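The next block holds one structure in the form of structure tokens; read it before the comments.
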Amino acid sequence: MANTTQRRFSRTLTDLGLFYAAAIWGSTFYIVKDALAGIDPVILVAYRFLLAGTIMLAVVLATGRPVLKNLGAGIGLSVVLWLLYVPQTIGLKYTTASNSGFITGLFVIFVPIFMLALFRRKPTLMEWAASGVALVGLWILTGGLTDVNTGDILTLAAAVTYALHVLMADKYLKEGVDPLVISCQQFLIVGVLSLVAGVLFDLDFGVHTASAGWTMIFLALFPTLSAFVIQMWAQKTVMPVRVSLIFAFEPVFAGVFAWTLGGEPLVAHRALGGLFVFAALIISGLPTPKRTK
């Protein structure tokens, strides 16, 4: 009985951590879009990840963890994460925040597809159903796609790598990789890759507005440092489809922030979309019906 209670408490805690990550990421679409008026998108990625990586490196060293352990896994995850954030951030320059939120949310359908195609793990019928319901909810919530442009195509590439990152992280963390070490490796490598891209493409390294500077610090401390460490910690035990469905709440939380802190009116169809996403999460936890002869 005690073990059952402990397992339930642990699962609740990890789910709450993933919801926190989704909430903090959901708050960033409009913030980042505004900040791009004062900083290059690739350089913003570089600075936010290097700042987060520097703090994480101090934590890893202070706790006596080997920084270079499982570096191969760290490099693989870092490249995928870089291919997520750079296209998504550049894409926000050319598309709307709502388009970006919906297209990024498409990763919920890529997760079960990649599970089957690349990782040879067959999702359950209820996981397929939950991903489909979540996709419908995201469409209703964000209004779907309007005026597809270059930014949308870049964001679609980010959705694909988002799904790959969730699945690769699941593989490595369930094999016993230290969440703090691999988080540190990811932050630093993504930051360095972005700096190298900045040099190669002769990008502007300046931060030209105070708003961009404060946004960079916020992104480093919360959506990067805290949220990704929580994701790595949670994925040691949570299945990838459930992780993806909780992360599908990003645009839901974006809407909540807009309705509360942003003062925007509550729109009925967006609330309905959020209910669909919530229903998808419930469906994912249901047992698959057994076939009868």
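Note that the numbering runs from 1 along the sequence shown for the chain. In this text the structure is predicted, and so the values were computed from the model without any measurement.
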Practice item. Keeping the roles fixed (side chain from Tyr47, backbone from Phe205), state whether a donor-acceptor pair exists under 3.5 Å. Key: yes
**Study point:** Whether Gln185 side chain and Val67 backbone form a donor-acceptor pair below 3.5 Å
**Key:** yes
Review point. With under 30° as parallel and over 60° as perpendicular, where do the rings of Trp25 and Phe228 fit, or are they tilted in between?
Key: tilted
Exercise for review: Check whether any side-chain N or O of Lys236 sits under 3.5 Å from a backbone N or O of Asp178 as a donor-acceptor pair, and report yes or no.
Suggested key: no
Exercise for review: Write down the atom of Gln235, the atom of Val166, and the distance for their closest heavy-atom approach.
Suggested key: NE2-O, 2.8 Å
**Study point:** Derivation and outcome, side-chain contact (heavy atoms from CB on, under 4.5 Å), residues Val241 and Leu245
**Key:** CA-CA 6 Å; Val241 170; Leu245 291 171; 4.1 Å; yes
Exercise for review: Kindly say whether Ile182 contributes a backbone atom to a donor-acceptor pair with the side chain of Lys69 at under 3.5 angstrom?
Suggested key: no
Exercise for review: Assign the ring pair Phe19 / Phe253 to parallel, tilted or perpendicular, where the plane angle (0 to 90°) is split at 30° and 60°.
Suggested key: perpendicular
Review point. Taking all non-hydrogen atoms of both residues, which atom of Leu188 and which atom of Thr54 are closest, and how far apart?
Key: CD2-N, 3.9 Å
Practice item. Using the six-membered ring wherever Trp is involved, compare the ring planes of Phe187 and Phe49 and label them parallel, tilted or perpendicular (cut-offs 30° and 60°). Key: tilted
Practice item. Could you tell me how the ring of Phe110 sits relative to the ring of Phe114: parallel (under 30°), tilted (30 to 60°) or perpendicular (over 60°)? Key: parallel
Check your understanding: Taking atom types as modelled and ignoring hydrogens, do the side chains of Thr104 and Gln88 form a donor-acceptor contact shorter than 3.5 angstrom?
Key -> yes
Exercise for review: Could you give me the CA-CA distance, side-chain angles and deciding distance for Met168 and Phe119, then say whether side-chain contact (heavy atoms from CB on, under 4.5 Å) is met?
Suggested key: CA-CA 9 Å; Met168 289 174 65; Phe119 293 85; 4.1 Å; yes
Point to revise | Phe218 atom CZ, neighbour heavy-atom count above 12 within 6.0 Å | key: yes
Review point. After noting the C-alpha distance and the side-chain angles of Ile43 and Asp204, does the key distance pass the side-chain contact (heavy atoms from CB on, under 4.5 Å) rule?
Key: CA-CA 8 Å; Ile43 302 307; Asp204 182 0; over 6 Å; no
Review point. Any side-chain heavy atom of Leu51 sitting closer than 4.5 Å to one from Met216?
Key: no
Check your understanding: Checking side chain to side chain contact (heavy atoms under 4.5 Å, CB included) against Arg48, which of Thr224, Ile217, Val190 comes through?
Key -> Thr224
Practice item. Without swapping roles, check the side chain of Thr95 against the backbone of Gly91 for a donor-acceptor pair under 3.5 Å. Key: no
Check your understanding: Nearest heavy-atom pair of Leu154 and Pro87: which atoms, and what distance?
Key -> O-CB, 3.3 Å
Practice item. Output yes when a side-chain donor or acceptor of Ser131 lies under 3.5 Å from a complementary backbone atom of Val108, and no otherwise. Key: yes
Review point. Sub-3.5 Å donor-acceptor pair from the side chain of Asn149 to the main-chain atoms of Tyr94, do we have one?
Key: yes
Point to revise | Residues Leu225, Ile55; criterion side-chain contact (heavy atoms from CB on, under 4.5 Å); working and verdict | key: CA-CA 8 Å; Leu225 183 61; Ile55 297 170; 3.8 Å; yes
Point to revise | Check: Tyr85 and Thr161 side chains under 4.5 Å, non-hydrogen atoms | key: no
